[in-house]
Amino acid sequence: MILARPVPIRDWLPDQLPQGDLRSISLHWTAHDYAAVFPAYHFCLAGAEDVVVHHTHDLRENMREVYQEPELPYAAHTRGRNSYSIGISIAAMRGSTPSDFGEFPLTRPQLDAMCRLAAGLARFYEIDVAAIRTHAEAALDDGYFGAGSDELRWDIARLRPSADPLEPHEATVTGDWFRNRVAELLVLAR
Ligand SMILES: [Zn+2]
């Protein structure tokens with residue numbers, strides 16, 4: 001489900017969004033290429049340099065306790081944590097490992113775009129910066145943090161590849177990096 005034409009991140013504004021109750025934002029990568037977008041997320045950020053925002057799922061479907069009526073549609077982006085929650089994802093990281101980000105590594109413009117999008121959504125829905133968290137942080141809390149298996153998640157625990165073994169604390173460090181940048185953007189926008 002594509003709700004609108006993709007727009008360049010520099011032109012994106014939260015002006016067409018539905019009013020309602022959304023309480024958290026979950027940050028992801030798609031583990032595909034720079035173009036593919038998915039309705040498991042509400043927004044996908046495509047393109048490596050000129051990043052565009054695709055609105056891929058209706059936010060209203062997650063403005064509820066989704067597990068009370070799981071047969072109704074919603075964006076299923078973070079296991080067990082989709083109620084009142086927005087999922088946003090960077091289109092990148094197909095075939096990546098912690099030591100080799102592959103053919104479609106995260107780019108600086110994509111990371112900047114994710115912070116800008118998260119800040120705009122947080123401001124519009126009055127979401128606390130502390131409620132902006134990576135999938136890796138949720139996975140750490142819920143016991144499925146890690147790389148190398150389909151069951152495990154590490155998006156977005158590392159911003160650049162490294163030969164060092166992936167450590168759980170990296171999820172928190174990188175989550176803090178996103179939250180600090182979003183907080184700065186929110187101050188600038190005041
Ligand atoms: Zn994810």
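One-based numbering along the sequence shown. Numbering of ligands and ligand atoms starts at 1, following listing order. For clarity, every value in this text was computed on a predicted model and none was experimentally measured.
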> If we only count heavy atoms from C-beta on, is the Leu27 to Ile132 side-chain gap below 4.5 Å?
Replying inline: yes
> Tell me, do Phe178 and Leu159 make a side-chain contact under 4.5 Å, heavy atoms counted?
Replying inline: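 Of all side-chain heavy-atom pairs linking Leu159 with Phe178, at least one is under 4.5 Å.
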>> What protein N/O/S atoms are there under 2.8 Å from the Zn ion (ligand 1), waters excluded?
In response: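 Hits for the Zn ion (ligand 1) below 2.8 Å: His28 ND1, His135 ND1, Asp155 OD2.
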>> Distance check, rounded to the nearest 0.5 Å: Asn62 atom CG versus Asp21 atom CG?
In response: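 Going from CG on Asn62 over to CG on Asp21, the span is 11.5 Å.
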> Should Ile90 and Val52 be regarded as members of a common hydrophobic cluster, given that ILVMFWY residues are connected when their side-chain heavy atoms come within less than 4.5 Å of each other, either directly or indirectly?
Replying inline: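 Result: no, two separate clusters.
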> Does Phe104 have any ring pair (Phe, Tyr, Trp, His ring centres under 6.0 Å) partners at least two apart in sequence or in another chain, and if so, which?
Replying inline: Tyr34
> Are Thr78 and His28 linked by a side-chain donor-acceptor pair shorter than 3.5 Å?
Replying inline: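 Distance-only check passes for Thr78 and His28.
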